[in-house]
Amino acid sequence: METLLGGLLAFGMAFAVVDACPKYCVCQNLSESLGTLCPSKGLLFVPPDIDRRTVELRLGGNFIIHIGRQDFANMTGLVDLTLSRNTISHIQPFSFLDLESLRSLHLDSNRLPSLGEDTLRGLVNLQHLIVNNNQLGGIADEAFEDFLLTLEDLDLSYNNLHGLPWGSVRRMVNLHQLSLDHNLLDHITEGTFADLQKLARLDLTSNRLQKLPPDPIFAHSQASALTATPFAPPLSFSFGGNPLHCNCELLWLRRLERDDDLETCGSPGGLKGHYFWHVREEEFVCEPPLITQHTHKLLVLEGQAATLKCKAMGDPSPLIHWVAPDDRLVGNSSRTAVYDNGTLDILITTSQDSGAFTCIAANAAGEATATVEVSIVQLPHLSNSTSRTASPKSRLSDITGSSKTSRGGAGSGGGEPPKSPPERAVLVSDVTTTSALVKWSVSKSAPRVKMYQLQYNCSDDEVLIYR
Ligand SMILES: *[C@@H]1O[C@H](CO)[C@@H](O)[C@H](O)[C@H]1NC(C)=O
Ligand SMILES: *[C@@H]1O[C@H](CO)[C@@H](O)[C@H](O)[C@H]1NC(C)=O
Ligand SMILES: *[C@@H]1O[C@H](CO)[C@@H](O)[C@H](O)[C@H]1NC(C)=O
Ligand SMILES: *[C@@H]1O[C@H](CO)[C@@H](O)[C@H](O)[C@H]1NC(C)=O
Ligand SMILES: *[C@@H]1O[C@H](CO)[C@@H](O)[C@H](O)[C@H]1NC(C)=O
Ligand SMILES: *[C@@H]1O[C@H](CO)[C@@H](O)[C@H](O)[C@H]1NC(C)=O
């Protein structure tokens with residue numbers, strides 16, 4: 001054997017059969033880099049005895065189900081890894097952690113349901129990531145984090161993706177090819193392609209996109225492609241097979257000079273099924289918002305909840321915002337919730353909520369407003385006092401003073417001299433940012449308790465709340 005090898009090498013064939021080679025595999029020491037080739041050998045798992053110095057590893061067309069942390073451990077020189085056409089449904093986190101030289105990872109035609117945040121951890125030099133024809137339903141926001149700047153080719157076509165970590169895609173500034181066709185994408189975040197100057201191929205065919213975010217990069221996809229420069233290559237861009245909503249928001253796309261593909265409009269009704277490139281520019285119209293229903297007046301007891309409704313039509317669907325009587329935009333807080341359907345819930349009203357709330361419905365074509373008059377029936381605001389006798393005029397029960405957390409929630413009023421513990425009628429303890437335990441005792445000699453009033457100041461709301 002030795003002599004035969006010597007002979008082969010003498011004839012200039014720069015490969016040798018390597019001693020340690022997993023059963024069924026062929027191992028070649030080709031121009032000093034080791035290749036381990038085990039395609040379609042009926043393997044059920046990654047052979048444990050692969051030479052860790054291997055540079056190319058082909059395991060395609062087997063029956064591997066699971067990838068574990070030991071499978072590729074210490075393969076720091078591996079450049080090419082093919083796992084295509086297996087039945088891989090699970091990759092243990094950090095399985096590729098040692099593959100710092102890997103440039104190309106083929107995982108296509110497997111059964112992967114998702115890519116977790118640590119599935120692809122460690123692939124700091126990855127250029128080609130091929131994961132088409134899997135069952136991907138989700139990709140973690142952090143999944144691509146280790147190779148954002150090196151990746152050139154990302155193929156996620158033929159999966160079940162509803163979304164993508166668009167923020168990560170946006171940072172892949174060396175991307176040449178992005179294949180997202182045959183998924184369930186219904187949304188692409190605006191600005192995703194802004195920095196992808198090297199993108200030469202973008203396939204969005206057969207998704208559920210109703211619109212595309214306008215971006216200068218799409219100008220490079222025009223038939224003339226006059227704008228193409230060595231720094232900005234012409235873009236091959238496909239988006240057929242999407243239910244495009246042909247309104248004014250897609251006018252920019254219609255204005256591109258492209259060869260007539262077979263893209264069609266999915267809506268609005270009148271344009272459904274029409275060939276996108278045959279619809280005239282004037283037909284790409286939007287409708288300004290029209291408020292169809294809203295609450296007119298509300299009378300609310302202070303501390304109680306109030307629901308303000310506002311509904312609007314328009315094309316595109318208007319977004320609804322609320323402005324409070326003090327001219328501030330209302331957002332979600334501990335006291336308020338703003339829903340996408342236009343409803344504003346004030347969970348606990350205060351006297352500051354008295355006045356006119358404005359509902360603003362806005363879309364690309366304009367805006368409309370409506371006002372809701374809110375009247376708050378104020379509760380009697382009791383004076384600060386911790387002792388029963390200090391508020392003799394009141395028919396109501398005790399009320400504690402400020403319960404600022406910095407005072408340990410002892411319950412005694414701000415400026416008042418602290419009283420000895422037994423005289424405290426109300427005790428506040430266990431104060432957290434969202435809760436407090438309030439305790440008081442009722443003695444038989446005291447007048448009957450008719451009502452409790454709780455007064456607190458939550459830093460989120462910057463307002464005193466009475467209940
Ligand atoms: C491959 O061959 C070279 C010499 O041709 C040798 O130095 C190297 O150790 C071999 N590698 C392996 C993994 O056998
Ligand atoms: C990887 O290398 C470490 C340290 O050299 C060793 O302990 C470990 O057994 C190796 N793992 C494999 C799978 O070769
Ligand atoms: C407020 O929270 C609700 C869920 O409680 C959410 O549906 C809504 O989008 C949020 N609104 C804003 C403006 O963040
Ligand atoms: C709006 O959505 C919220 C939360 O999903 C729901 O409680 C409320 O009833 C809805 N309002 C209307 C008018 O549909
Ligand atoms: C109670 O005391 C706090 C601080 O000591 C003060 O800010 C608040 O206005 C007082 N409340 C009333 C109703 O007097
Ligand atoms: C409530 O607390 C916040 C933060 O501590 C403070 O800025 C605000 O002035 C207080 N409001 C009232 C009415 O005491």
Side-chain angles (χ1 to χ4, degrees), residues 79-84 91 93-97 99-108 112 114-134 136-205 207 209 212-221 227-239 242:
V79 172
D80 242 298
L81 174 58
T82 307
L83 290 162
S84 315
I91 300 178
F94 304 105
S95 288
F96 302 127
L97 193 63
L99 307 187
E100 61 193 36
S101 304
L102 199 73
R103 294 215 198 101
S104 164
L105 176 58
H106 285 257
L107 281 165
D108 48 295
L112 289 172
S114 63
L115 294 177
E117 59 179 326
D118 297 317
T119 307
L120 302 171
R121 197 56 78 185
L123 300 172
V124 293
N125 277 301
L126 197 65
Q127 293 174 353
H128 306 275
L129 177 60
I130 313 299
V131 204
N132 55 290
N133 289 283
N134 274 274
L136 295 180
I139 297 179
D141 282 347
E142 303 282 299
F144 301 141
E145 211 62 15
D146 282 358
F147 43 83
L148 291 177
L149 299 182
T150 55
L151 204 67
E152 295 178 2
D153 189 1
L154 177 59
D155 190 346
L156 294 168
S157 56
Y158 292 92
N159 278 290
N160 303 324
L161 293 167
H162 288 267
L164 223 61
W166 294 114
S168 297
V169 175
R170 182 181 183 147
R171 285 147 65 206
M172 295 177 180
V173 294
N174 283 306
L175 208 58
H176 295 273
Q177 300 200 47
L178 180 58
S179 306
L180 301 173
D181 52 293
H182 298 89
N183 275 290
L184 306 170
L185 301 175
D186 56 12
H187 161 86
I188 297 179
T189 303
E190 203 155 335
T192 297
F193 308 112
D195 301 320
L196 308 189
Q197 296 301 324
K198 297 186 179 165
L199 199 63
R201 186 168 176 276
L202 172 62
D203 195 343
L204 295 170
T205 311
N207 275 286
L209 295 166
L212 293 170
D215 194 290
I217 199 167
F218 295 118
H220 303 157
S221 75
T227 45
T229 68
F231 306 104
L235 174 69
S236 148
F237 167 47
S238 324
F239 60 94
N242 281 290

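The figures that follow rest on heavy atoms only: side chains count, while hydrogens, waters and symmetry mates do not. What you are looking at is a predicted structure, and each value in this text was computed from that prediction instead of being measured.
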Exercise answer: donor-acceptor pairs, residues 116-125 side-chain atoms, under 3.5 Å, sequence neighbours excluded:
unit_1, atom_1, unit_2, atom_2, d
Asp118, OD1, Arg121, NE, 3.0
Asp118, OD1, Arg121, NH2, 3.4
Thr119, OG1, Gly116, N, 2.8
Thr119, OG1, Gly116, O, 3.4
Arg121, NH1, Asp146, OD1, 3.1
Arg121, NH2, Glu117, O, 3.2
Asn125, ND2, Glu100, O, 2.8

- Query: If you take all heavy atoms of His128 and Leu151, which pair is closest and at what distance?
  - Reply: N-CD1, 4.1 Å

- Query: How close do Leu115 and Ala143 get, heavy atom to heavy atom, and via which atoms?
  - Reply: O-CB, 4.1 Å

- Query: Could you walk me through whether Leu196 and Leu202 pass the side chain to side chain contact (heavy atoms under 4.5 Å, CB included) check?
  - Reply: CA-CA 11 Å; Leu196 308 189; Leu202 172 62; over 6 Å; no

- Interatomic distance, Leu136 atom CG to Asn160 atom CG [nearest 0.5 angstrom]: 8.0 Å

- Message: Rounded to the nearest 0.5 Å, what separates atom CG in Leu107 from atom CG in Leu156?
- Response: 11.0 Å

- Residues in side chain to side chain contact (heavy atoms under 4.5 Å, CB included) contact with Asp195, at least two apart in sequence or another chain: Arg170, Val173

- Does the Asn183 side chain pair with the main chain of Leu185, one donor and one acceptor, at a distance under 3.5 Å? no

- Query: How long is the gap from CG on Asp141 to CG on Leu164, to the nearest 0.5 Å?
  - Reply: 10.0 Å

- Shortest non-hydrogen contact between Ser104 and Leu126, atoms and distance: N-CD1, 4.0 Å

- Between Asn207 (side chain) and Leu209 (backbone), is there a donor-acceptor pair under 3.5 Å? no

- Message: Let me confirm one number: the NE2-CG distance from His162 to Leu184, rounded to the nearest 0.5 Å.
- Response: 4.5 Å

- Determine yes or no for a side-chain-to-main-chain donor-acceptor pair under 3.5 angstrom, with Asn159 supplying the side chain and Val131 the backbone. yes

- Query: Does a side-chain heavy-atom distance below 4.5 Å link Leu204 with Leu212?
  - Reply: yes

- For Thr150, which residues count as a side chain to side chain donor-acceptor pair (under 3.5 Å) partner, sequence neighbours excluded? none

- Task: Report yes if some heavy atom in the side chain of Leu148 is under 4.5 Å from a heavy atom in the side chain of Ser168; otherwise report no.
- Result: yes

- For Thr192, the side chain to side chain donor-acceptor pair (under 3.5 Å) test, sequence neighbours excluded, returns none

- Distance col, row Asp108:CG vs Asn133:CG, nearest 0.5 angstrom, shows 7.0 Å

- Item | Any residue meeting ring pair (Phe, Tyr, Trp, His ring centres under 6.0 Å) with Phe239, in chain and number order, not counting sequence neighbours | Phe237

- Evaluate the criterion side chain to side chain contact (heavy atoms under 4.5 Å, CB included) for residue pair Leu199 and Phe193; output intermediate values, then yes/no. CA-CA 9 Å; Leu199 199 63; Phe193 308 112; 4.3 Å; yes

Give the table of side-chain donor-acceptor pairs shorter than 3.5 Å for residues 175-182, with sequence neighbours excluded, one pair per line with atom names and distance.
unit_1, atom_1, unit_2, atom_2, d
Ser179, OG, Arg201, NH1, 3.0
His182, ND1, Tyr158, OH, 3.4

- Item | Asp80 side, atom CG; Ser101 side, atom OG - distance, nearest 0.5 Å | 11.5 Å

- Report yes if some heavy atom in the side chain of Phe144 is under 4.5 Å from a heavy atom in the side chain of Arg171; otherwise report no. no

